[in-house]
Amino acid sequence: MWLGTRLFHRPFSSLAARGLVYERHGEPLQVLRLHNVNITHPAENEVRVKMLAAPINPSDINMVQGTYALLPQLPAVGGNEGVGVVVEVGRHVTSMRPGDWVVPVDAGLGTWCTEAVFSEASLMRVPSDIPVVGAATVSVNPCTAYRLLSDFETLRPDDTIIQNASNSGVGQAVIQIAKSLGITTINVVRDREDLPGLIQRLRDLGADHVITEEQLRKPEMKDLFKNCPRPRLALNCVGGKSTTEMLRHLDYGGTMVTYGGMSKQPVTIPVSALIFKNVKLCGFWVTQWKKERAQTDREEIVKMIRDLCDLIRRGKLVPPPSTQRPLEDFPRALQDAQTPFLSRKQILIM
């Protein structure tokens, strides 16, 4: 059963809210409309939440377009991530109470709204002493980064990883979490007009090395490994040639994890890498990981969120630069969210 926002009222009293609703799939600016939606008082195992802030992520755009691997029943409210405050709970709810801050565990709940009713199981508490934007953006990209660094190789201080799409939300989280663990990062970015500024921003986050896709292909790359070991872990969010080049520098027996495909090109693996370097290839989707753990080991999700919030509280994990816009200004936010090289997360404030 889909756990997203209920859009249709029951026979008894309903409450007014507003949300970005789409009744068919298509380009977000063409199909999303800001509508009044009816929500109800929560049932026994439900929670009514006043949303505070919600970001616009690439997966949100893909879901509205109908190209994502997980699609809600239409009509639906957009948005997969955000933070809200509990205002009312059903009589069987035990894990949260009014005043608590909560974030989604499930994808597709519909967070681009002023208020919504969710199941208790689809939410998780977060501390209210961290910045709103940090809480609103903790449950997708930082969770992905946390799992990528935890689940595929046993990394120790002074080990090295390499990643592409290093300026993405996941990439920036990887840099900061790795820094807190003493792990060296080699960060690949696309060349651009303001490359020196980007390099400095990533270094300010804790990046050890920042190189372009072109530099990744040059023979001089071998000089970099005079100062650090070859990476045991490669994180791929691009595909195509970038993936092949990263594999060339992976250590013997290392692992490459693909969690995205921004170039829309296939991952091409030389046979020699499999035979002579014994590399391992894996995929990762944080939505599936959460879905499985919610059924078998919810405490592992709790620990991950707690660790990430602790890093945020200590200033060791900061969200990407963002532009905060009121919900009514969603067309501009959607447009900017889909503009290449505009490295600012768009946050809808409710």
Side-chain angles (χ1 to χ4, degrees), residues 1-7 9-10 12-19 37-55 72 76-143 146 286-287 289-313 317 319 327 347-350:
M1 180 178 178
W2 188 258
L3 296 175
T5 307
R6 286 196 262 105
L7 297 180
H9 60 79
R10 294 175 178 174
F12 51 87
S13 62
S14 63
L15 305 163
R18 293 179 302 156
V37 295
N38 290 326
I39 61 172
T40 67
H41 293 283
E44 292 180 343
N45 294 302
E46 292 181 331
V47 180
R48 181 161 65 93
V49 177
K50 181 184 185 302
M51 295 303 299
L52 300 174
V77 174
N80 291 289
E81 188 179 28
V83 64
V85 60
V86 174
V87 293
E88 186 181 2
V89 300
R91 63 191 184 97
H92 288 170
V93 171
T94 59
S95 64
M96 52 198 67
R97 59 188 180 183
D100 286 344
W101 281 17
V102 290
V103 298
V105 174
D106 293 332
L109 292 188
T111 56
W112 295 345
C113 58
T114 57
E115 286 194 26
V117 173
F118 304 116
S119 72
E120 178 186 14
S122 68
L123 301 173
M124 182 165 293
R125 285 188 303 160
V126 294
S128 58
D129 63 347
I130 62 175
V132 168
V133 171
T137 57
V138 74
S139 60
V140 175
N141 293 330
C143 288
Y146 184 102
V286 73
T287 299
W289 184 92
K290 286 183 181 178
K291 182 178 179 180
E292 293 171 356
R293 295 311 187 281
Q295 302 297 322
T296 61
D297 190 2
R298 189 176 174 91
E299 185 56 35
E300 195 169 1
I301 305 176
V302 173
K303 179 183 183 304
M304 174 178 65
I305 295 293
R306 185 171 58 238
D307 289 348
L308 291 169
C309 288
D310 183 59
L311 288 174
I312 293 171
R313 186 183 294 109
L317 177 62
L327 183 61
I347 309 286
L348 297 172
I349 303 297
M350 311 307 170

Seminar exercise, completed: Interatomic distance, CG@L308 vs OH@Y146, rounded to 0.5 Å, equals 6.5 Å
Seminar exercise, completed: Output for pair (K290 NZ, Q295 CD), nearest 0.5 Å, gives 14.5 Å
Problem set entry | Beyond-backbone contact of P131 with I312, side-chain heavy atoms, under 4.5 angstrom | yes
Problem set entry | With sequence neighbours excluded, residues passing side-chain contact (heavy atoms from CB on, under 4.5 Å) with E292 | Q288
Exercise. With a 4.5 Å heavy-atom cut-off, do C143 and I305 have their side chains touching?
Worked result: yes
Exercise. Shortest non-hydrogen contact from T111 to V77?
Worked result: N-CG1, 4.5 Å
Exercise. Does the T114 side chain pair with the main chain of R18, one donor and one acceptor, at a distance under 3.5 Å?
Worked result: yes
Seminar exercise, completed: Smallest heavy-atom separation, V89 atom then P98 atom, equals CG1-CD, 4.2 Å
Exercise. How far apart are the closest heavy atoms of G82 and P104, and which atoms are they?
Worked result: O-CD, 3.2 Å
Exercise. Among all residues two or more places apart in sequence or in another chain, which pass the side-chain contact (heavy atoms from CB on, under 4.5 Å) test with R125?
Worked result: M96, D100, V102
For this session: Report yes if some heavy atom in the side chain of C113 is under 4.5 Å from a heavy atom in the side chain of V37; otherwise report no.
Result: no
Exercise. Sequence neighbours excluded, which residues qualify as side-chain hydrogen bond (donor to acceptor under 3.5 Å, both in side chains) partners of R313?
Worked result: D129
Exercise. Taking side chain as C-beta onward, heavy atoms only, is L109 less than 4.5 Å from L123?
Worked result: yes
For this session: State which residues pass side-chain hydrogen bond (donor to acceptor under 3.5 Å, both in side chains) with E120; sequence neighbours excluded, sorted by chain then number.
Result: S95
For this session: State, to 0.1 Å, how close P127 and C309 come at their nearest heavy-atom pair, and which atoms those are.
Result: CD-SG, 3.7 Å
Problem set entry | Backbone of I39 reached by a side-chain donor or acceptor of R48 within 3.5 Å | no
Problem set entry | Heavy-atom closest contact (A54 atom, W112 atom, distance) | CB-CD1, 3.8 Å
Exercise. What distance do E46 atom CD and E88 atom CD have between them, rounded to the nearest 0.5 Å?
Worked result: 10.5 Å
Seminar exercise, completed: When rounded to the nearest 0.5 Å, the distance separating CG of L317 from OG1 of T137 is 8.0 Å
Exercise. Can you find a pair of side-chain heavy atoms, one from M51 and one from L327, that are under 4.5 Å apart?
Worked result: no
Exercise. Do the non-hydrogen side-chain atoms of M124 and S139 ever get within less than 4.5 Å of each other?
Worked result: no
Exercise. Has the side chain of W101 got a donor or acceptor atom that lies under 3.5 Å from a matching backbone atom of V86?
Worked result: no
Exercise. Is a salt bridge present between E44 and R91, judged by a nitrogen-to-oxygen distance below 4.0 Å?
Worked result: yes
Seminar exercise, completed: Correct closest heavy-atom pair for V83 and A135 would be CG2-CB, 3.8 Å
Exercise. side-chain contact (heavy atoms from CB on, under 4.5 Å) with R306: which residues, sequence neighbours excluded?
Worked result: E299, V302, K303
Exercise. With sequence neighbours left out, what residues match I349 under side-chain contact (heavy atoms from CB on, under 4.5 Å)?
Worked result: A53, Q324, I347
